[in-house]
Peer 1: 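Quick one: the structure is below, and I'll ask about it shortly.
We count residues from 1, following the sequence as given. Excluded from the calculations below are hydrogen atoms, water molecules and symmetry mates; all remaining heavy atoms, backbone and side chain alike, are included. Bear in mind the structure is a predicted one, so any value in this text is a computation, not a measurement. Ligands are counted one by one from 1 in listed order, and the atoms in each one are counted from 1 as well.
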Amino acid sequence: MGETLKLGLLGLGTVGSGVPLILKEHQEKISQVTGMNISISKALVRDTKEKQTLANDYDFSLTTNYEELIQDEEIQIIVELIGKIEPARSYIIRALESGKHVVTANKDLLAQHGNELVEVARKNHCDLYYEASVAGGIPILRTIANSLAADNIHKVLGIINGTTNYMLTKMVSDQLTYEEALDQAQALGFAESDPTNDVDGIDAAYKMVILTQFAFGMNVSIKDIETSGIRGLALEDISMAQQLGYTLKLIGSSEVKEDSVSVEVAPVMVPNNHPLAAVRDEMNAVFVSSSGVGESMYYGPGAGAKPTATSVVSDIITIAKNIRLKTTGRLFNSYKSQTKLTKDEDIYSKYYFSIDVPDKPGQFLKLTQIVTESGVSFDQLIQQQSDGKRARIIVITHEMTKAQSKKVVEVISNVEEFKLLATYKVLE
Ligand code: HSE
């Protein structure tokens, strides 16, 4: 077989250790499609002793000194799988400035410093690919950038955090409380020991920054994304959603309206007949509405060694082909348009409100007045069985604007005897 392409690997954690495995298992096919022999030359690790067996098994060397990888002129691609911001950012910049191509799965870094890294890659005529940063094993970025390049996307809805989807699934199917579901997710290794980024929706928001760039060519920043996670979500609201024919899912949404975009991450009531409602356990899915294809959904594992390493190796293969064809230095996503955010007054949705009220006459009337004064109309109004002192009222509205929903939340929160328990968008 022809030329050999050497890689330098940064990190040998879950995904890092999956890369040599995929390269070896599918070696023949990879050689055929690239016309190259791709092998790992050296891996940067914190502790060489700990990873020595793995390195021996796959025939590469280990180092704790990044300069060894940079100085090695045979290494043409650096694969960054250490995660977080520093030193990953500096390592990638150093690699690109040394003329090495880069593959990374680092969504935190791309969401916060993506523009900077893309610019350094462009200046140095190097490739920078990051398919594994969104939805792990689902080839969603390449699909949007290439296969849907001819289409006009209006909306992207994603279940793009496996930990929270696993937790929500267990809360519905096994009636687990939030704490019990989190304990299970941690025991199975889905959730980190500090699960903040998963349960508060931050991990999903990072991925929405990247999806929005690919789908709409717009550079939203993380602070432009209203983000709420599933922390403290009540089992009562999950059960109520079920009774009404919905499933609560943590949804990342990005939608264009004329020339502006609105991006959000929040728990959303998804109708049970919507394909996203069937995405269970730790699985991910990205649902795309576009004018050419119409509706399409891309489903698969959002994490895990082999699925994520498969996406990483697909990037390596893309770069290998670019090297052979002498077409390196082009952007992964070359679609760009002016970034403009949609005003709250122009974002429409149905809403679900869950309100705890005193169980005494006149409460329905008071609530009806509040909602009506905000110019909103009811779709459904339900009072759950009370304990004689307090009652839970559920309101599902007809379509209203986000500005109106914020007003309703403000007014209800100011009524001394009312306690607003939950507000969710309702998908149609
Ligand atoms: N913590 C992420 C998840 C892993 O649960 O989906 C992949 O980004």
Peer 1: Just distance, no hydrogens or angles: give the donor-acceptor pairs under 3.5 Å from side chains in residues 232-252, sequence neighbours left out.
Peer 2:
from : atom 1 : to   : atom 2 : distance (Å)
D237 : OD1    : Y352 : OH     : 2.7
D237 : OD1    : S354 : OG     : 3.2
D237 : OD1    : R392 : NH2    : 3.2
D237 : OD2    : R392 : NH2    : 3.1
S239 : OG     : L235 : O      : 3.0
Q242 : OE1    : T247 : OG1    : 3.4
T247 : OG1    : N272 : OD1    : 2.5
K249 : NZ     : N165 : OD1    : 3.1
K249 : NZ     : V279 : O      : 2.6

Peer 1: Using a cut-off of 6.0 Å, state whether more than 12 heavy atoms not belonging to D59 lie near its atom CG.
Peer 2: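 Atom CG in D59 is not crowded, with 12 or fewer foreign heavy atoms closer than 6.0 Å.
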Peer 1: Counting each atom of ligand 1 from 1 as listed, which ones have a heavy atom of G302 under 4.0 Å away?
Peer 2: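 Contacts of ligand 1 toward G302, numbered from 1: 7 (C).
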Peer 1: May I ask which of D198, N165, N106, I159 has a heavy atom nearer to atom 2 (C) of ligand 1 than the others do?
Peer 2: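 That would be D198.
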Peer 1: Between ligand 1 and G136, can you find any atom pair, the residue atom being a heavy atom, that is separated by under 4.0 Å?
Peer 2: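 Checking ligand 1 against G136, which is what was asked, there is no heavy-atom contact under 4.0 Å.
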Peer 1: If you measure from each non-hydrogen atom of E282 to ligand 1, which part falls under 4.0 Å: side chain, backbone, both or neither?
Peer 2: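 Neither part.
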Peer 1: Taking 4.0 angstrom as the limit and counting only heavy atoms of G162, give me the atoms of ligand 1 inside it, by number and element.
Peer 2: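 Heavy-atom distances to G162 below 4.0 Å select 3 (C), 5 (O), 6 (O).
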Peer 1: With Q213, which of T339, N333, N219 fulfils side-chain hydrogen bond (donor to acceptor under 3.5 Å, both in side chains)?
Peer 2: N219
Peer 1: Can D194 and T196 be counted as having a side-chain donor-acceptor contact under 3.5 angstrom?
Peer 2: yes
Peer 1: Using a 4.0 Å heavy-atom cut-off, say whether N161 meets ligand 1 through its side chain, its backbone, both or neither.
Peer 2: both
Peer 1: For residues 280-293, dump all side-chain donor-acceptor pairs below 3.5 Å to protein atoms at least two apart in sequence or in another chain.
Peer 2:
from : atom 1 : to   : atom 2 : distance (Å)
S290 : OG     : D151 : OD2    : 2.7
S290 : OG     : G294 : O      : 3.4
S291 : OG     : N152 : O      : 3.3

Peer 1: In Å, rounded to the nearest 0.5 Å, how long is the span from CG of L109 to NZ of K84?
Peer 2: 11.5 Å
Peer 1: Using heavy atoms and a threshold below 4.0 Å, how should the contact between T164 and ligand 1 be classified: side chain, backbone, both, or neither?
Peer 2: neither
